[in-house]
Amino acid sequence: QVQLVESGGGLVQPGGSLRLSCAASGIIFRFYTMRWYRQAPGKQRELVAQITSGGNTYYVDTVKGRFTISRDNAKNTGYLQMNTLSPEDTAVYYCNIPTDFWGQGTQVTVSS
């Protein structure tokens, strides 16, 4: 079956960086769009970034210029490089292959 496993979350100070990874199995990864969502406490899950099978990218305005989504099809893995993090980026981050496949989430906490 399809499995997505996120890693790379943690606690970081404001202004710091993290790189999230999403390892996919049970699917021909290179054929699919991959998305990163996040959900902060008390808020709805929101789409953060997307990368298509062809490499086209989308970012929500609040992360443009700070986050970079990428993929390595040979490794069946997607990434989210997050720079200049702020407390407002604190959330559980999920990778998704539209529409049905989700990872378990990884916590990102930005705090001094």
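We're numbering straight along the sequence, starting at 1. Because only heavy atoms are used, hydrogens play no part in the values below, and waters and symmetry mates are left out as well, while side chains stay in.
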In this structure, would [X] and [Y] fall into the same cluster of hydrophobic residues linked by side-chain contacts under 4.5 Å?
| X | Y | result |
| --- | --- | --- |
| L18 | V5 | no |
| Y79 | V63 | no |
| L80 | I51 | yes |
| I97 | L47 | yes |

Kindly compute the distance separating [atom1] ([X]) from [atom2] ([Y]), expressed to the nearest 0.5 Å.
| X | Y | atom1 | atom2 | result |
| --- | --- | --- | --- | --- |
| R35 | W102 | CZ | CH2 | 8.0 Å |
| C95 | I69 | SG | CD1 | 9.5 Å |
| Q3 | C22 | CD | SG | 10.5 Å |

With no hydrogens and no angle check, is any side-chain donor or acceptor of [X] less than 3.5 Å from a backbone partner on [Y]?
| X | Y | result |
| --- | --- | --- |
| R71 | T52 | yes |
| N96 | M34 | no |
| R66 | T84 | yes |

With a 4.5 Å cut-off on side-chain heavy atoms, are [Y] and [X] touching?
| X | Y | value |
| --- | --- | --- |
| L4 | Y94 | no |
| E46 | R38 | yes |
| T90 | Q107 | yes |
| L20 | E6 | no |
| S70 | Q81 | no |
| T68 | Y59 | yes |
| M82 | D89 | no |

Least distance between heavy atoms, [X] atom then [Y] atom:
| X | Y | result |
| --- | --- | --- |
| N83 | S17 | OD1-OG, 2.9 Å |
| F29 | A24 | CD1-CB, 3.7 Å |
| T77 | S21 | CG2-CB, 4.3 Å |
| S112 | P14 | N-CD, 3.7 Å |

Tell me, yes or no, whether the heavy-atom count around Y32 atom OH, taken from other residues, nucleotides or ligands under 6.0 Å, exceeds 12.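 Result for OH/Y32: open.
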Between Y93 and F67, how do the two ring planes meet: parallel, tilted or perpendicular, split at 30° and 60°?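 The arrangement is tilted - the two ring planes meet at 30° to 60°.
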